[in-house]
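Here the structure is laid out as structure tokens; the discussion comes afterwards.
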Amino acid sequence: MHPETLFQIHLLAGYAAWLLCFGAYIRPWLNAMERDAALRAIAMLHGFRFFGLVFILPGVVGSGLPAGFATAAAWGDLATGVLALLAVAAFRVRPLFRLLAVAFNVIGFADLLLAYAHAIQGGLPEVAGQLGAAYAIPILYVPLLAITHVAAFALLLRPARRATPAEAA
């Protein structure tokens with residue numbers, strides 16, 4: 001089977017699996033929480049996006065990885081991860097937390113959209129093997145990131161309710 005076809009199957013399967021998991025487990029859990037607590041949980045997940053720097057780490061990815069994709073994705077992920085971690089750290093200062101939650105979601109979602117555009121433009125699906133060990137990122141991690149960005153935007157639009165003492169901690 002052609003590498004491009006395999007990559008597309010993997011990507012679609014990643015989205016299908018995460019959408020099912022999100023609907024069955026994550027969404028009910030987030031909906032049961034106070035809005036800012038749910039946003040903090042999502043921010044913590046996105047705090048690990050520093051891992052995207054692996055796209056520019058020689059020896060982990062192949063030299064044939066489209067540079068336009070790799071560089072933009074790596075630095076966009078790092079920026080998102082830093083903003084997400086700052087949001088988590090600022091949780092007790094709610095206005096600052098909410099500002100940072102908006103920032104990491106806008107930057108992070110834009111980063112994912114740009115990464116998809118650069119990947120298609122640069123022909124990444126045809127050379128997906130060049131991702132090496134980083135192949136799991138677009139297949140397993142990116143679908144979850146995209147889904148949780150959409151969930152975070154929905155949460156940001158949801159009216160706040162009072163936190164329970166456990167959620168406020």
Side-chain angles (χ1 to χ4, degrees), residues 7-8 10-23 25-27 29-30 33 35-62 65-94 96-122 124-125 127-157:
F7 183 77
Q8 291 168 344
H10 281 147
L11 189 59
L12 289 173
Y15 270 97
W18 276 120
L19 282 167
L20 290 169
C21 180
F22 185 83
Y25 301 105
I26 301 169
R27 184 176 181 195
W29 176 66
L30 291 173
M33 301 170 95
R35 180 190 65 190
D36 288 348
L39 285 167
R40 179 173 60 172
I42 292 172
M44 195 65 254
L45 169 70
H46 286 265
F48 287 92
R49 284 181 67 172
F50 62 84
F51 190 67
L53 286 173
V54 76
F55 290 132
I56 56 173
L57 185 61
V60 176
V61 296
L65 193 63
F69 161 78
T71 303
W75 294 110
D77 276 348
L78 180 63
T80 302
V82 168
L83 288 168
L85 291 174
L86 288 171
V88 171
F91 184 69
R92 293 191 189 273
V93 183
R94 293 303 171 95
L96 179 58
F97 166 76
R98 288 184 197 109
L99 177 67
L100 289 165
V102 169
F104 96 76
N105 274 293
V106 169
I107 298 298
F109 196 65
D111 170 56
L112 294 181
L113 293 176
L114 286 172
Y116 277 122
H118 287 141
I120 292 166
Q121 233 175 13
L124 177 67
V127 295
Q130 292 294 313
L131 286 164
Y135 187 85
I137 294 173
I139 302 306
L140 298 175
Y141 192 39
V142 169
L144 178 60
L145 296 176
I147 292 164
T148 56
H149 272 305
V150 172
F153 285 124
L155 285 165
L156 286 163
L157 296 173

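Being a predicted model, the structure only gives us computed values, none of them experimental.
A pairwise comparison of heavy atoms in Ala70 and Ile56 identifies O-CG2, 3.7 Å as the closest pair. Pro125 and Ala119 get closest at one heavy-atom pair: CD-O, 3.6 Å. Listed here is the closest heavy atom pair of Phe69 and His118: CA-CB, 3.7 Å. When every heavy atom of Ala87 is checked against every heavy atom of Phe97, the shortest pair comes out as O-CD1, 3.0 Å. The two atoms that bring Ile107 and Ala79 nearest to each other are CG2-CB, 4.4 Å, heavy atoms only. Nearest heavy-atom pair across Pro66 and Gly122 is CG-O, 3.3 Å.
Distance CE/Met33 to CD1/Ile42: 9.0 Å, rounded to 0.5 Å. If you take CZ on Phe55 and CD1 on Ile137, they are separated by 4.0 Å, rounding to the nearest 0.5 Å. Atom-to-atom distance recorded for Asn105:CG and Leu156:CG is 6.0 Å, nearest 0.5 angstrom. Atom CZ of Phe91 and atom CG of Leu96 lie 12.5 Å apart (nearest 0.5 Å).
A search for side chain to side chain contact (heavy atoms under 4.5 Å, CB included) contacts involving Val60 returns Val54, Leu57, Ala133, not counting sequence neighbours. Scored by the side chain to side chain contact (heavy atoms under 4.5 Å, CB included) test, Tyr135 finds Phe7, His10, Ala128, Leu131, Ile139 as partners (sequence neighbours excluded). The side chain to side chain contact (heavy atoms under 4.5 Å, CB included) search around Leu140 returns Ala136, not counting sequence neighbours. Taking the side chain to side chain contact (heavy atoms under 4.5 Å, CB included) definition, one finds that Arg35 meets it with Leu39, Arg98, Leu155, Arg158, Ala160, sequence neighbours left out. Residues meeting the ring-ring contact (aromatic ring centres under 6.0 Å, His included) test with Tyr116, sequence neighbours left out: none. With sequence neighbours excluded, no residue forms a ring-ring contact (aromatic ring centres under 6.0 Å, His included) with Tyr141.
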Verdict with reasoning, Phe104 to Val88, per side-chain contact (heavy atoms from CB on, under 4.5 Å): CA-CA 11 Å; Phe104 96 76; Val88 171; over 6 Å; no

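Counting heavy atoms from C-beta on, the side chains of Phe153 and Val102 never come closer than 4.5 Å. Taking 4.5 Å as the limit, every side-chain heavy atom of Leu145 sits out of range of all side-chain heavy atoms of Phe109. The shortest side-chain heavy-atom distance between Ile26 and Trp18 falls under the 4.5 Å cut-off. Within the 4.5 Å cutoff, no side-chain heavy atoms of Leu65 are placed close to those of Val127.
Evaluation of the side chain to side chain donor-acceptor pair (under 3.5 Å) test over residues 47-60, restricted to residues two or more places apart or in two chains, returns His46-Arg49, Arg49-Asp77, Arg49-Asp111, Arg49-His149.
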